[in-house]
Number of protein chains: 4
Amino acid sequence: MTSGQLTPTDQTEHRYVLTLGCPDRTGIVARISTFLTDVGGWITEAAYHSDDDTGWFFTRQAIRADEVSFTADELRARFAEEVASELGPETEWRLTDTRDTKSVVLLVSKETHCLIDLLGRAHRGELPATIRAVVGNHPQLEELATRFEIPFHHVPFGERKADAFAELARIVDSYQPDAVVLARFMQILPPKLCEAWAGRAINIHHSFLPSFIGARPYHQAFARGVKLVGATCHYVTAELDAGPIIEQDVIRVDHSDSVTDMVRQGRDIETLVLSRGLRWHLEDRVLVHGRKTVIFN
Amino acid sequence: MTSGQLTPTDQTEHRYVLTLGCPDRTGIVARISTFLTDVGGWITEAAYHSDDDTGWFFTRQAIRADEVSFTADELRARFAEEVASELGPETEWRLTDTRDTKSVVLLVSKETHCLIDLLGRAHRGELPATIRAVVGNHPQLEELATRFEIPFHHVPFGERKADAFAELARIVDSYQPDAVVLARFMQILPPKLCEAWAGRAINIHHSFLPSFIGARPYHQAFARGVKLVGATCHYVTAELDAGPIIEQDVIRVDHSDSVTDMVRQGRDIETLVLSRGLRWHLEDRVLVHGRKTVIFN
Amino acid sequence: MTSGQLTPTDQTEHRYVLTLGCPDRTGIVARISTFLTDVGGWITEAAYHSDDDTGWFFTRQAIRADEVSFTADELRARFAEEVASELGPETEWRLTDTRDTKSVVLLVSKETHCLIDLLGRAHRGELPATIRAVVGNHPQLEELATRFEIPFHHVPFGERKADAFAELARIVDSYQPDAVVLARFMQILPPKLCEAWAGRAINIHHSFLPSFIGARPYHQAFARGVKLVGATCHYVTAELDAGPIIEQDVIRVDHSDSVTDMVRQGRDIETLVLSRGLRWHLEDRVLVHGRKTVIFN
Amino acid sequence: MTSGQLTPTDQTEHRYVLTLGCPDRTGIVARISTFLTDVGGWITEAAYHSDDDTGWFFTRQAIRADEVSFTADELRARFAEEVASELGPETEWRLTDTRDTKSVVLLVSKETHCLIDLLGRAHRGELPATIRAVVGNHPQLEELATRFEIPFHHVPFGERKADAFAELARIVDSYQPDAVVLARFMQILPPKLCEAWAGRAINIHHSFLPSFIGARPYHQAFARGVKLVGATCHYVTAELDAGPIIEQDVIRVDHSDSVTDMVRQGRDIETLVLSRGLRWHLEDRVLVHGRKTVIFN
């Protein structure tokens, strides 16, 4: 088995994917779809959202790349000139080529469930990205990463946290990852890293946010006597556990479940929610606007 | 309280809704959205589906009616001439005006749960339609319908079923309903009515189809020892319980649940699934293609 | 149709139901089951919970009443003397006869969904209780209650809330209800009534507690961008929305759902969660201990 | 990392677990609980089910082993003599010691998801058993098993299937496993092995049975247009996909999901359902009666 197997294989179709957010007005859909038609694009997926609350327009469109006689770069240049320029300076857009394999770095501590789950998905080519490295603040998960032939970096977090975070940032940034996944990483990112990795740092929190922010959420859930426990995948921002939510789900518990039982059952929801959220992020299905997300899945 | 309260009130926005299905090819999205822009349409909802399996294209788009300087009829005429004519003879489309209140006729037997649920939704203006009449093959539910000021027709199903169905059809057709809902109506529609009401007759079957087709599905589920029971909302076709599925859902049961318990718990799923499916049908969110549905919700 | 139909009919079996909570120790199960065997009881349901966290023991047992040669009162007297006296002064227990029809009073405001749902369940004999009265702080729901032949009392809540609550309490207490259900009653009960109705006052809160305590939880959920909204059925205590939770559930929402959409979809979860919680309460399946519940369902 | 980590660690408590099924009659609960009290047993979990349909009684009870002054063998001898002998010849019971680590053999083909999931659970000590071996009819998964230090046996299934099954049985039986898990093993066990491993052979079927029995269930689901796909964990019997169901669950799909999408999403449900079912089996929470199961979880 070679690490080559850790690159995506499900994604057999070659696509260009356009995502865009801008102030809403009439004619945007027509403008974009006419552009895509003019360049020979066969649209395979198209989703729109017109947000009444903020007056913002969002879209994601996928077209068959093989039938377009332009490279991704040429398309970007044309789109910038012919369409984006008309939509106003606040417009945010990107055009990605599904052949450009995305890269992911995982931050871990001692818990194995999210790590093994993501390694397994990458191993069977289900994750639309390559896991480039695993970074742990403890050394325990090195052997697991190594078994799947992923480089592991140990960054001890002792008294000088600032130094550790600087070292962590240096390692992570060396991979230029499309996603930095806090896969049950038990350290709070400093504001500077939240900013540097804005829109790329993805955390899994082991509660149904905004319930049970902070430490030991299963203990909090047990103490409150809730009948469901959950997990939340969200972008990391400087405010703890308050970033834009990508995905959430819950699982039923009852009075017979101890904290240990909740922790065990919760792991299954954490892995599901994180893997879904990460997939959507990597497939450019998540558009962030303010504190909220639009998910085109 | 007047029966006037039984008309929709949630639906405050005035919209034109276009739904369309046709053989897929490049440029359809651009063609339609350009048309909508040209008539001054502000698109509030737009959904597309390109079906690889059948090579078919589906869309649903809603635009603000108040900003369009055409009536619905004028729009239909223009769309037919300028767009639909180019998309090929197999194209199916409709354009509806949300101000044209839709009408529903309910067929019932003796079970009250779906009837009360739908009456309640209509009563609080949540259903985007008016319930015009309730027709029962038994007289028991007359009082309930009457309490909500809905006309009730009793059509006894004795030995001459054909006569009863003819009478039933005469009554139902007199209301020209947009939906004929078999709200736990325990009679199987004859093929002729399935055809006459194709795409309008909606049934709730008390199992997760295709499991447990036919009579007494909860008894079948109990005998098999399944761990979830479900319900299925589908269009009625001549083949029993085999029409295009609109919505399904399930609820957990266990070994301690008797058939009676399953029946009771199942009612909650039946009402939810039927009300969701009916709402989507009435909002033109359901497009049928062959044995399957596209749901733009 | 007579109001007699509003009494339970599902509950055909005659049972005695014993519930008990006491400090845990060895031999309690043997003691209780031997007692039930000695009086000729055929146990049809038995559930136990030994709570490690609090060192408390809980049980619920149902026996066939027809095979026991004692009345409920005789059984209570014997149980008190022969068993409960040995289990310590903190022991709490009750023995109910399923033939003693329980009574419910509903407190409402203007929202119809929980009211219609419960009236419908009572109407088909699904609720193991009789709805004795509906009390509203607004007059709007009188007609609905009257349609189902349930007495309605209007208690206006103007400037002198204390007077209104006194009048409300007088009316409610006149029915000696086994459950006082706040079926989307928009007033906060004063501490005195929380205490008077402790363990009997049941609220439905339209969020997944402890998220979004207080007013307008769907607005809070919308602002936070959560991907699921929920509802919580709990006992009312003096601390707002912090009483012991009986049942919770959630439903998926997405970026396209406005607050109005969430309110509409949330209604379905509110009715389900309230009706389940109320059923369990009425069937003596809920044992409260501190801030938490044990649910033997 | 040593393979010693593959033994259970969550299960810190030492328990004796009694499970029993017999014809129902009065006094069984009292008889059993009195026995357990007499031997000094502190009951930590107790569950009962009285099955009206079959007239059968089922129980599972867990007691703290450290406070009992008998070995498991002594307890078994006493229980056989003092209790079981009175309950009739049809009585089936077992008493297990949670210190006796259970063993599991996994049968696999080429799909990795269930294998990695179970290896991961065993690795973190979450599975109450040791995975003793993996047997594949293809060689592909050897490397994965080896990474987790589990012996792998390749048994090719060529033309002489009977020989292959004989070899498979020889290998499996050499481990005397408490569970033989068909973790997406794509061969149908011959009747002789179904019988030999009755109550121990556990399959995961990738549909919500009884829908879509047999081959390619996701293709069947896609063709039917269902709105949920599911998975079923069940005991293997000679009749294909018809054995007693242990656990089932479903996940929502829609018109935009291809068969490939359903396969990918279905994997998550398959792993969840199999791991839950296997856990309950290993914890003696599953009692089989005829075609159905009682699950004390």
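Side chains are part of it too, since the values below use all heavy atoms of this structure and drop only hydrogens, waters and symmetry mates. Note on naming: letters A, B, ... go to the chains in the order of the sequence lines (proteins, then strands), and numbering restarts at 1 for each one.
Aromatic pair Phe58(D)/His255(B): centroids not less than 6.0 angstrom apart.
Rounded to the nearest 0.5 Å, atoms OG (Ser256(D)) and CZ (Phe296(B)) are 9.5 Å apart. The line from OG of Ser258(D) to CG of Asp51(B) is 10.0 Å long, rounded to the nearest 0.5 Å.
A cation-pi arrangement is absent between Lys227(D) and Phe208(B) under the rule of less than 6.0 angstrom and at most 45 degrees off the ring axis.
Within a 6.0 Å sphere centred on CZ of Arg25(B), heavy atoms belonging to other residues, nucleotides or ligands number more than 12. Ile188(D) CD1: 12 or fewer foreign heavy atoms inside a 6.0 Å radius. Other residues, nucleotides and ligands contribute more than 12 heavy atoms inside 6.0 Å of the CD1 atom of Ile213(B).
With chain D as partner, the option from Glu247(B), Arg224(B), Arg252(B), Lys292(B) having the largest number of non-hydrogen pairs under 4.5 angstrom is Arg224(B). Your options are Ala221(D), Gly230(D), Ser50(D), Ala242(D), and the one with the most heavy-atom pairs under 4.5 Å with chain B is Ala242(D). Of the listed residues (Asp53(B), Leu209(B), Thr232(B)), the greatest number of heavy-atom pairs within a distance under 4.5 Å of chain D belongs to Asp53(B).
Side-chain contact between Val226(D) and Ile245(B): present, with at least one pair of heavy atoms (C-beta onward) separated by less than 4.5 Å. Annotation: side chain of Leu228(D) is in contact with side chain of Val250(B) (closest heavy-atom distance under 4.5 Å). Side-chain contact between Phe212(D) and Pro210(B) is present, with heavy atoms from C-beta onward closer than 4.5 Å.
The parts of Thr293(D) that come within reach of chain B are both its backbone and its side chain, each placing non-hydrogen atoms under 4.5 angstrom from that chain. Contact of Ala223(B) with chain D is made through the backbone alone, with heavy-atom distances under 4.5 Å.
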